[in-house]
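Single-structure report; data block below.
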Amino acid sequence: MKDIYVLGIESSCDETAASIVKNGREILSNVVNSQIDIHTLYGGVVPEIASRNHILNISEVVKMAIKEAKINMNDIDAVACTYGPGLVGALLVGLSYGKALSYALNKPLIGTNHIEGHIAANYITHKDLEPPFLCVMMSGGNTQIIHIKDYNKFEVLGKTRDDAVGEAFDKIARVVGLGYPGGPKIDELAKKGEANITLPKTHFDNLDFSFSGIKTAIINLYHKNPEINKADLCKSFEKTVAETLVENIKKAIEQTKINKIILAGGVSANSYIRKEFLSLENAKVYMPDLKLCTDNAAMIASAGYYNYISGKISDLTLNAEPDLKL
Ligand code: KG4
């Protein structure tokens, strides 16, 4: 069978990324230009600044991806672009570039859902992984439990009712003065702390989550006592969040009788959460390589590949969808 090369393009937030992936599983190049240093100055992503920087970077990033993969533009079989969810102005840059390239090269455009991309990061890391399985999606914008029935057949079993878990990490880090992006900073500091602070946990009858309560509790604790041991606070936060995520996946396993689990999204890079999931009994847990947890285009190329081989081709009227669901 002929090898299939997909160019992935990702610009949904503050990373401009392009990648070539062979047959959905093998990375030939994975270029990520992160704007973290720029947005750190403002304590978070400034959408307009993100869009402007994507415009400055996109052309070079795509060229680098092609060069590093040691292929020619014409070897590409399809152009997979994130079209949502994300920041509309940021999405539009990668999508417009991808559409232009698809038109110029006369290769199919594959509009790709960013959340599907995070799931597909696991296909690259684990070459033998195949659906069906359950996914704990934990990113900056989403927290969900998803039943992946097939490569492009999904059912959301539970979701956050308010903040995404990554959002809670980022806001807490900002308030207690750790800066942006909060997740990695909390991860590091928590290693020096003890989980000795009791924090509120939510329980719902279904598989939903809520993280605004714990976020507010921590912010209030800190404001009442700015001398509080921040490492302990971070460790206690991670422990409570991990317990909530694990409790819900256990319920999902019971409900679906599926015990193959994947982690996905930026927060799945968290060392404490990874460890807790690995000790889950009676389940086989897969997680992406650290470099594939946060935003990148290899995961978009992989998800795009599975859409491409099942004939899910987009046309050039495709628009950015900031609130795109699975
Ligand atoms: O998946 P992602 O790159 O972007 C979205 O698609 O939303 O996730 C970004 C989120 C941010 O909230 C960031 O703080 C968090 O992932 N994150 C982490 C870690 N690395 C990134 N959270 C906890 N621990 C980490 N090591």
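- No donor-acceptor distance shorter than 3.5 angstrom exists from the side chain of Arg274 to the backbone of Met287, with no hydrogens or angles considered.
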Full working for salt bridge (Lys or Arg N to Asp or Glu O under 4.0 Å) between Lys251 and Glu247: CA-CA 6 Å; Lys251 279 203 264 176; Glu247 269 166 30; over 6 Å; no
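- Leu105 and Leu95 fall into different hydrophobic clusters, defined by Ile, Leu, Val, Met, Phe, Trp and Tyr side-chain heavy atoms under 4.5 Å apart, directly or through other members.
- Contact record, Ser236 with Ile197: OG-N, 3.1 Å, taken as the closest heavy-atom pair.
- Residue pairs meeting the side chain to side chain donor-acceptor pair (under 3.5 Å) criterion with at least one partner in residues 127-141, sequence neighbours excluded, are absent.
- In this structure, Ile273 and Glu276 have side chains that are not in contact, with every pair of non-hydrogen atoms separated by 4.5 Å or more.
- Taking the centre and axis of the six-membered ring of Phe204, the NZ or CZ atom of Arg161 falls inside the cone set by 45° and 6.0 Å.
- Side chain of Arg25 to backbone of His126: a donor-acceptor contact under 3.5 angstrom is found.
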Check the pair Val165, Thr160 against side-chain contact (heavy atoms from CB on, under 4.5 Å), reporting the backbone distance first and the verdict last. CA-CA 8 Å; Val165 64; Thr160 180; over 6 Å; no
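- Ile249 and Ile214 end up in the same hydrophobic cluster when Ile, Leu, Val, Met, Phe, Trp and Tyr side chains are linked at under 4.5 Å.
- Looking only at distances, no side-chain donor or acceptor of Ser11 sits under 3.5 Å from a matching main-chain atom of Val93.
- Side-chain contact between Tyr308 and Ile4 is present, with at least one heavy-atom pair separated by less than 4.5 Å.
- A distance-only check finds no donor-acceptor pair linking the side chain of Ser12 to the backbone of Gly84 [under 3.5 Å].
- At a threshold of 4.0 Å, the pair Glu254-Lys250 does not count as salt-bridged, since none of the basic side-chain nitrogens sits closer than that to a carboxylate oxygen.
- Hydrophobic clustering of Ile, Leu, Val, Met, Phe, Trp and Tyr side chains at less than 4.5 Å, counting indirect connections, keeps Ile313 apart from Leu318.
- A donor-acceptor pair is defined here as one N or O able to donate and one able to accept, closer than 3.5 Å; such a pair exists between the side chain of Asp75 and the backbone of Asn72.
- If you take NZ on Lys99 and CG on Asp315, they are separated by 8.5 Å, rounding to the nearest 0.5 Å.
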Test Lys2 against Asp77 for salt bridge (Lys or Arg N to Asp or Glu O under 4.0 Å), laying out the working first. CA-CA 11 Å; Lys2 180 193 167 303; Asp77 291 285; 2.9 Å; yes
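- Side-chain contact of Ser271 with Asp187: a donor-acceptor pair under 3.5 Å is present, judged by distance alone.
- Note that CD1 of Ile261 is 11.5 Å distant from CG of Asn122, once rounded to the nearest 0.5 Å.
- Across all non-hydrogen atoms, the minimal contact from Asp14 to His54 is C-CE1, 4.2 Å.
- Of all the heavy atoms in Cys13 and Leu87, the pair that sits closest is CA-CD1, 4.1 Å.
- At a threshold of 4.5 Å between non-hydrogen side-chain atoms, the residues His147 and Ile258 count as touching.
- Met138 has its side chain within reach of Leu245: a pair of non-hydrogen atoms, C-beta onward, lies under 4.5 Å apart.
- When all heavy atoms of Ala195 and Lys239 are compared, the pair lying nearest together is CB-CD, 3.3 Å.
- Hydrophobic cluster membership differs between Ile20 and Val32, with clusters built from Ile, Leu, Val, Met, Phe, Trp and Tyr side chains linked at under 4.5 angstrom.
- Looking at Val62 and Leu7, their side chains come closer than 4.5 Å, going by heavy atoms from C-beta outward.
- Of the possible polar contacts, none joining the Ser29 side chain to the Ser19 backbone as a donor-acceptor pair under 3.5 Å is found.
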Asn33 and Thr16: side-chain hydrogen bond (donor to acceptor under 3.5 Å, both in side chains), yes or no, with the steps? CA-CA 5 Å; Asn33 180 297; Thr16 321; 4.6 Å; no
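- Judged by distance alone, with hydrogens and angles left aside, the side-chain atoms of Arg174 form a donor-acceptor pair with the main-chain N or O of Gly43 at under 3.5 Å.
- A cation-pi arrangement, defined by a distance under 6.0 Å to the six-membered ring centre and an angle within 45 degrees of its axis, is present between Lys284 and Tyr286.
- Annotation: side chain of Pro108 is not in contact with side chain of Ser102 (no heavy-atom distance under 4.5 Å).
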For a salt bridge (Lys or Arg N to Asp or Glu O under 4.0 Å) check, start with the C-alpha distance between Lys191 and Glu188, then their side-chain angles and the critical distance, and finish with the verdict. CA-CA 6 Å; Lys191 287 177 188 161; Glu188 274 316 299; 2.8 Å; yes
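- The aromatic ring centres of Tyr305 and Tyr123 sit 6.0 Å or more apart.
- Using a 3.5 Å distance cut-off with no hydrogens or angles, the side chains of Asn282 and Asn259 do not pair a donor with an acceptor.
- Under the 6.0 Å cut-off for aromatic ring centres, Phe209 and Phe211 qualify, their centroids lying closer than that.
- Closest approach of Asn229 and Asp232 over heavy atoms only: OD1-N, 3.0 Å.
- A distance of 7.0 Å separates CG in Asp37 from OG in Ser34, rounded to the nearest 0.5 Å.
- Checking side-chain atoms of Asp150 against main-chain N and O of Asn152 turns up no donor-acceptor pair under 3.5 Å.
- Close placement of the Phe169 and Phe237 rings is indicated, their centers lying within 6.0 Å of each other.
- Within the model, atoms CG of Leu199 and OG1 of Thr216 stand 11.5 Å from one another, a figure rounded to the nearest 0.5 Å.
- Glu10 is not listed as a side-chain neighbour of Asn296, based on a closest heavy-atom distance of 4.5 Å or more.
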Full working for salt bridge (Lys or Arg N to Asp or Glu O under 4.0 Å) between Glu48 and Arg52: CA-CA 6 Å; Glu48 179 62 21; Arg52 286 173 189 272; 2.9 Å; yes
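- A side-chain donor from one of Asn270 and Glu238 sits under 3.5 Å from a side-chain acceptor of the other.
- Using a 4.5 Å cut-off between side-chain heavy atoms of Ile, Leu, Val, Met, Phe, Trp and Tyr, with links allowed through other members, Leu41 and Val46 fall into the same hydrophobic cluster.
- Nearest approach of Ser310 to Tyr306, heavy atoms of both residues: OG-O, 3.0 Å.
- The distance from atom SG of Cys135 to atom NZ of Lys260, rounded to the nearest 0.5 Å, is 13.0 Å.
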Applying side-chain contact (heavy atoms from CB on, under 4.5 Å) to Ile148 and Leu134, what does each step give before you reach the verdict? CA-CA 6 Å; Ile148 286 89; Leu134 298 176; over 6 Å; no
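- Put simply, the side chain of Val6 does not reach to within 4.5 Å of the side chain of Ile110, judged on heavy atoms.
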Between His118 and Asp295, does a side-chain hydrogen bond (donor to acceptor under 3.5 Å, both in side chains) hold up when you go through it step by step? CA-CA 8 Å; His118 277 303; Asp295 289 350; 3.3 Å; yes
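- A donor-acceptor pair is defined here as one N or O able to donate and one able to accept, closer than 3.5 Å; no such pair exists between the side chain of Asn23 and the backbone of Asp3.
- No side-chain donor-acceptor contact under 3.5 Å links Asn53 to the backbone of Gln35.
- Taking CG of Asp289 as the start and CD1 of Ile27 as the end, the distance is 7.5 Å to the nearest 0.5 Å.
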